[in-house]
Amino acid sequence: MQSDFILRGHVLSYSASPFVTGTPEEAVTVSAAVALTQGRILDCGTFEAMQALLPQAEIIDHGAKLILAGFVDAHVHYPQTAIIASWGKRLIDWLNSYTFPEEMRFGDAAYAQEISERYLDLTLANGTTTVCSFATIHPESVDAFFTAAQTRGQRVITGKTCMDRNAPDGLRDTAQSAYDDSKALIERWHGVDRLEYAITPRFSPTSTPEQLAAMGALWSEHPECLMQTHLSEQLDEIDWVKSLFPQARDYLDTYEEFGLLGARGLYGHAIHLEERERHRLREYGAALVHCPTSNTFIGSGLFDMAGLMAEGQRIGLATDTGGGSSFSMLRTMAAAYEIGQLRGRPLHAAELIWLATQGSATALRMEDKIGNIAPGMEADLVVLDLSSTPAIAQRSARASDLWEAVFSTLMMGDDRAIAEVWINGARQ
């Protein structure tokens, strides 16, 4: 089987975060070709230099297309695939009306497998190569997702969602069963092939203090794992947290008190943060995950990208399907741009792509493996057609430089813009 390839096109790689360089463009190098061998990136540069490195490689010429690292979606709920774009509910009503009834079905291993395959098919069609997903309370939902990803050679993260209150009958575990099930799943899956486990309390309102303490204890025993949850998504949610934890200083304190604040922590949404919370998140090096289509679709609020980046926070980007309204990271980048406009700081195309690749990989503590095109990185790639529809093509033809052409695809592109996807050095 052929394992050496040279891809020609506009190859985009990052030498730094575009949020810290003088201009966003200064963080980016655009090369003419990238060489792949044995599932990894050997190097990128001129076509002649790549040919000299791999003289027997198969050459794939993508012409004027853009070649970049595969998209990394840092916060999703794969079990919500079938209920995406459900009408008209605020967060808590949305959970009760749509999410919880659907998640009840995932005790059926066959259904969990069906949705796992469907979700990975949909995201692959949109150029997403890595996801960090919540499962349900059922261990079967974790097994199904990991099995589907393992078959495809994908790097993914998931974990059993833990809830022992404020959820319907049949969708609650206990502090002890959450600990036992999660521990067994870590032992079965974490570090196998390209799979990693995330300890997953859904959010403070659906876990008792006893369960949060059990999850904190498990994380202390397995600090190599990520921990994912939700934080400060909606104002009425924050009021609910205050009523459930009257002694807590703020929402983040309901995690911090139980050992659930750390450098490998992922905190989805993080829209309505207090000053103490921002300080503690930055101090620990925890990751915040921006979910723009979800935040507008459910009416949660406008994430403070500029302010949080200026503070030095670690930030990833995510679809948050199915609260988010699209499986596409292109649509997610467009929404992030729109929210930036509403907050007075529009994002450059180089910043948007960085968030969807290296930024999310950094949030997941995987920036040495995925999210960039650089020597030694795993060969997860996406090829973007910058003229994928008549509307985009006519706008791209008027572009004065590459970034202007790229921007029109970020704003108007969908799965038709995904010309090719590579996972672990294999063309899909």
Side-chain angles (χ1 to χ4, degrees), residues 14 17 19 68-81 119-120 122-124 126-135 145 149 154-159 161 194-203 225-233 262-271 281 284-295 300 303-305 308-309 313-336 339 347 351-372 378 380 382:
Y14 287 90
S17 165
F19 289 92
L68 59 152
F71 299 135
V72 180
D73 195 341
H75 178 104
V76 307
H77 297 261
Y78 97 82
Q80 296 175 20
T81 296
Y119 174 80
L120 292 174
L122 288 165
T123 51
L124 181 67
N126 282 284
T128 300
T129 53
T130 292
V131 297
C132 183
S133 181
F134 287 62
F145 193 71
Q154 271 189 272
R155 180 168 289 284
V156 303
I157 308 99
T158 195
T161 298
R194 304 181 75 203
L195 312 175
E196 293 197 13
Y197 194 86
I199 294 164
T200 307
R202 185 181 217 108
F203 64 161
C225 288
L226 293 164
M227 190 287 302
Q228 61 179 346
T229 192
H230 298 81
L231 176 66
S232 298
E233 184 174 356
R264 295 182 69 81
L266 301 164
Y267 303 87
H269 303 285
I271 302 170
L281 289 160
Y284 274 85
L288 312 179
V289 187
H290 180 27
C291 308
T293 70
S294 173
N295 296 344
S300 300
F303 185 81
D304 184 14
M305 178 68 73
L308 292 164
M309 276 294 186
Q313 301 281 4
R314 185 181 295 263
I315 299 175
L317 189 67
T319 63
D320 189 32
T321 48
S325 53
S326 176
F327 296 102
S328 170
M329 289 296 279
L330 292 175
R331 178 69 196 101
T332 302
M333 285 183 261
I339 286 175
L347 299 176
E351 294 172 322
L352 293 166
I353 292 173
W354 183 87
L355 284 166
T357 55
Q358 187 70 358
S360 285
T362 300
L364 299 177
R365 299 286 176 166
M366 294 180 176
E367 66 271 27
D368 60 332
K369 299 179 179 69
I370 57 171
N372 200 9
E378 296 168 358
D380 291 348
V382 62

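In what follows, residues are counted from 1 in the order of the sequence shown.
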Which pair of heavy atoms, one from [X] and one from [Y], lies closest together, and at what distance?
X	Y	value
M329	V72	CE-O, 3.4 Å
Q80	G322	OE1-N, 3.2 Å
A363	L266	O-CD2, 3.2 Å
V289	L317	CG1-C, 4.2 Å
T357	G371	CB-O, 3.4 Å
A149	L120	N-CD1, 3.7 Å

Kindly compute the distance separating [atom1] ([X]) from [atom2] ([Y]), expressed to the nearest 0.5 Å.
X	Y	atom1	atom2	result
I339	C291	CD1	SG	9.5 Å
T158	Y78	OG1	OH	6.5 Å
L281	L231	CG	CG	6.5 Å
R194	K369	CZ	NZ	10.0 Å
N126	T332	CG	OG1	9.0 Å
C132	M366	SG	CE	7.5 Å

- What do the steps show when you test M227 against R264 for side chain to side chain contact (heavy atoms under 4.5 Å, CB included), and what is the final call? CA-CA 6 Å; M227 190 287 302; R264 295 182 69 81; over 6 Å; no
Do [X] and [Y] have side chains that approach each other closer than 4.5 Å (heavy atoms only, starting at C-beta)?
X	Y	result
T129	I370	no
L288	L308	yes
R365	R314	yes
D380	T130	yes
F327	T319	no
L226	I157	yes
E351	M309	no
F71	M333	yes

- Query: Can you list the steps and then say if V156 with F145 is a side chain to side chain contact (heavy atoms under 4.5 Å, CB included)?
  - Reply: CA-CA 9 Å; V156 303; F145 193 71; 4.0 Å; yes
Is there a donor-acceptor contact under 3.5 Å from the side chain of [X] to the main chain of [Y]?
X	Y	answer
S328	R331	yes
S360	A356	no
T161	A135	yes
Q228	S133	yes

- Could you tell me how the ring of F19 sits relative to the ring of W354: parallel (under 30°), tilted (30 to 60°) or perpendicular (over 60°)? perpendicular
- Query: Going through the distances and angles, do T200 and T229 end up as a side chain to side chain contact (heavy atoms under 4.5 Å, CB included)?
  - Reply: CA-CA 6 Å; T200 307; T229 192; over 6 Å; no
- Please walk me through it: do M305 and L347 pass side chain to side chain contact (heavy atoms under 4.5 Å, CB included)? CA-CA 9 Å; M305 178 68 73; L347 299 176; 4.2 Å; yes
- Message: H290 vs H269, test: ring pair (Phe, Tyr, Trp, His ring centres under 6.0 Å). Steps then yes/no.
- Response: CA-CA 5 Å; H290 180 27; H269 303 285; 9.1 Å; no
- Message: Quick one about D73 and T128 (side-chain donor to acceptor, distance below 3.5 Å, no hydrogens or angles considered), yes or no?
- Response: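 On atom types as modelled, these side chains do not qualify, holding no pair under 3.5 Å.
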- Message: If only side-chain N and O atoms count, and only distance matters, is there a donor-acceptor pair under 3.5 Å linking S294 with D320?
- Response: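 Present: a donor and an acceptor within the cut-off.
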- Query: Can we call the ring centroids of H230 and F134 under 6.0 Å apart?
  - Reply: yes
